[in-house]
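It should be emphasised that the depicted structure is a prediction, and the values quoted were computed from it without experimental measurement.
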Amino acid sequence: MKKSKVCILTGITAGALLLTGCRETPDSVIVKQKGEKAIEKYEEEKTDTSSGEASRNIREKLSVPETFSEDITAEDGKIIIHTDAAVELPDTTGFSTVEVKAVPLTQEFMDTITNGLFPEKKMYEPEYYYGMTKEYYQNKINEVRALMAQDSAESEFGEALTQENLQQMLEEYEAAYAEAPKSLEKKETAPLLTENGTGDPRFSGVAEDENGRPYSYFVKASADEPVSVQVKYLGDTENASDQALWSDYTPASQYVPEELGTEEKIKSAVGISYEEAKKTADEKAASIGISDMSADAWDYAICRDIERSDEVIKTGFVFYYTRKIDGCPVTYTSAIGGGLEDMDSTIEPWTYEHLSIVISKEGLEELSYGSPYELGEVQVENVKLLDFEEIAQIYSQMMQYKLSGELEGGYIKSCKVNVNRVTLGYSRIYSPTQDNRSGVLVPVWDFFGNYERTLNEGEGPADKDTERYNSLLTINAVDGTVIDRGLGY
């Protein structure tokens, strides 16, 4: 699934704001130790079994309301925080803290993926599958010569092209024409990992499924992602291309064509029911050995062709899978972690475990799987959690604090936040300076919603976020510290 990839240098975040600025910091958060070291102080919930307390569900234990509502106005009306949210809880009596480690990329791991998705192992070298032929470059040469014959010429992006620009383009296409083959002949390859220049294992190829549908198949390990598997349908064999990009519908809904401009319209255009698509996605997940993850988050998806001015060429569903621990889910958010606090950092970060699968009426379109976890020991069973009233107080303080910090930057004139969903689930935290490939799953509260920012004059247009799974604030349910989703701690 093509998403806005994480920027390794994160922006101004709640976690960073805790350590900087001249504003008075809420004592309830700043004085507490964060990260894995703090877990040593976590306590097990002591329950009176004779009174039946152990069987009480988490909503009763923590006095959690069905809905949480409040309105806050601060900074002379420049900050508005509107909260009207359903509070979603798993059906459980308690949470534990659980060790996790990064699964390394091995040939055995890749074989599991290959055997599940492409059991016939029809693999081909990509440059011989959808490379450019002499015919392609001849057409480009003809296009450039036609432009050179005009008095003025523009690129497809509306930029003026000089004769010097066109001559350079012509020479580049002519050089490429000389090297290009007359036609493409598929060249088989084995689905085996090899080391790249930095010593990291990787594989890149085109795989055909049992129906001859071609998929780009890319497996690698990198500094921030110990395992990355990217599978994407390339189109008809005769017109295979990697220029089509899938994205979530909700954040892009205001930019799509009018015929897809509402949820009812996109639902009608997809051509497959949610239930059918979910069943296919679950089958694909099971085929690659995924048995302890479920897709509790989803969106409609749109596919754009970047060679045709981002024209929407296909629609479908995207499903986001997260792990469950004794029935309690790891909360899905749009953040993938792996950020660094500054550009000079030498830390190798670690992204969150993630699995997304895109399904259209034609079948599997895209699969992205990265940073899988290996579960370790339970550190604290039935860990003691803060009452919701304490969490709500921290939320009110820290949202104001976070937004006040953004106003101080000089770019933002005002900001309105709408929070419409609150969840309790797991999130992974880690201490990258101590061990960047192990961490702990801890229970956290996430406050989901969107924001509208008005910028100061000369700083650009208003900024509006429509991301469906954007957690505006994440609070550790055990000790009340704020977790920076971009950093992962």
Test side chain to side chain donor-acceptor pair (under 3.5 Å) on Asp111 and Gln107; report intermediate values, then the result. CA-CA 6 Å; Asp111 288 344; Gln107 186 61 51; 2.8 Å; yes

What's the verdict on side chain to side chain contact (heavy atoms under 4.5 Å, CB included) for Phe448 and Thr333, showing C-alpha distance, side-chain angles and the deciding distance? CA-CA 9 Å; Phe448 291 90; Thr333 78; 3.8 Å; yes

Can Ser368 and Leu355 be said to form a side chain to side chain contact (heavy atoms under 4.5 Å, CB included), step by step? CA-CA 6 Å; Ser368 177; Leu355 170 63; over 6 Å; no

Worked verdict on Thr133 versus Gln138 for side chain to side chain contact (heavy atoms under 4.5 Å, CB included): CA-CA 9 Å; Thr133 62; Gln138 185 61 61; over 6 Å; no

Carefully, step by step, assess Asp282 and Tyr321 under the rule side chain to side chain donor-acceptor pair (under 3.5 Å). CA-CA 9 Å; Asp282 287 345; Tyr321 288 75; 2.6 Å; yes

List the steps, then state whether side chain to side chain donor-acceptor pair (under 3.5 Å) holds for Thr93 with Asn57. CA-CA 4 Å; Thr93 58; Asn57 65 35; over 6 Å; no

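Between Lys220 and Glu225, no side-chain nitrogen of the basic residue sits less than 4.0 Å from a carboxylate oxygen of the acidic one, so the salt-bridge criterion is not met. A salt bridge links Lys186 to Glu208: one of the charged nitrogens lies within less than 4.0 Å of a carboxylate oxygen. Remark: Glu275 does not engage Lys279 in a salt bridge, criterion side-chain N to carboxylate O under 4.0 Å. Under 4.0 Å is where a charged nitrogen must lie from a carboxylate oxygen, and between Asp209 and Lys122 no such pair does. Glu195 and Arg202 are not joined by a salt bridge, as no carboxylate oxygen comes within less than 4.0 angstrom of a charged side-chain nitrogen.
In this structure, Phe203 has its ring center no closer than 6.0 Å to that of Phe218. When ring centroids are compared, Trp350 and Tyr373 come within the 6.0 Å threshold.
In the displayed structure, Glu172 atom CD is contacted under 6.0 Å by more than 12 heavy atoms of other residues, nucleotides or ligands. Counting heavy-atom neighbours within 6.0 Å of Glu179 CD, excluding the residue itself, gives a total of 12 or less. Within a 6.0 Å radius of CD in Glu135, no more than 12 heavy atoms belonging to other residues, nucleotides or ligands are found. With a 6.0 Å radius and a threshold of 12 heavy atoms from other residues, nucleotides or ligands, Lys267 has its NZ atom at or below the threshold. Dense packing is recorded around NZ of Lys278, with more than 12 heavy atoms of other residues, nucleotides or ligands lying under 6.0 Å away. For Asn211, the CG atom is densely surrounded, since the number of other residues' heavy atoms within 6.0 Å is greater than 12. With a 6.0 Å radius and a threshold of 12 heavy atoms from other residues, nucleotides or ligands, Glu108 has its CD atom at or below the threshold. Open room surrounds NZ on Lys416; 12 or fewer heavy atoms of other groups in view lie less than 6.0 Å from it.
At a cut-off of 3.5 Å, with distance as the only test, a side-chain donor of Gln167 or Glu171 sits close to an acceptor on the other residue. For the residue pair Asn142/Tyr137, the side-chain donor-acceptor check at 3.5 Å is not satisfied. Counted by atom type alone, Asp446 and Thr474 present one or more donor-acceptor pairs between their side chains at under 3.5 Å. The closest side-chain donor-acceptor pair between Thr351 and Asp224, if any, does not fall under 3.5 angstrom. One side chain, Ser273 or Glu276, offers a donor N or O that lies under 3.5 Å from an acceptor on the other. Side-chain N/O atoms of Ser438 and Asp435 include a donor and acceptor closer than 3.5 Å. In the model, Thr423 has no side-chain atom that pairs as donor or acceptor with a side-chain atom of Glu88 under 3.5 Å. Using modelled atom types, one finds a donor on one side chain and an acceptor on the other under 3.5 Å when comparing Ser427 with Arg485.
Annotation: side chain of Val100 is in contact with side chain of Leu375 (closest heavy-atom distance under 4.5 Å). Thr114 has its side chain within reach of Tyr217: a pair of non-hydrogen atoms, C-beta onward, lies under 4.5 Å apart. Phe319 is not listed as a side-chain neighbour of Val358, based on a closest heavy-atom distance of 4.5 Å or more. Taking the side chain as every heavy atom from C-beta outward, Tyr426 and Pro329 never approach each other to under 4.5 Å. Counting only heavy atoms from C-beta outward, the side chains of Tyr451 and Leu472 approach each other to under 4.5 Å. For the pair Arg428/Glu353, no side-chain contact is recorded, criterion being any heavy-atom separation below 4.5 Å from C-beta on. By the 4.5 Å heavy-atom criterion applied to side chains, Val444 and Phe95 are not counted as neighbours. Residues Tyr489 and Ser431 form no side-chain contact, since every pair of their non-hydrogen atoms from C-beta on lies 4.5 Å or further apart.
Ring geometry, Tyr215 versus Tyr233: the interplanar angle falls from 30° to 60°, so the pair is classed tilted. Aromatic ring orientation, Phe317 versus Tyr300: tilted (interplanar angle from 30° to 60°). Taking the six-membered ring where tryptophan is involved, the planes of Tyr124 and Tyr129 are tilted, since the angle between them lies from 30° to 60°.
Tested against Met110 for a side chain to side chain contact (heavy atoms under 4.5 Å, CB included), the candidates Leu193, Asn115, Val229 yield a single pass: Leu193.
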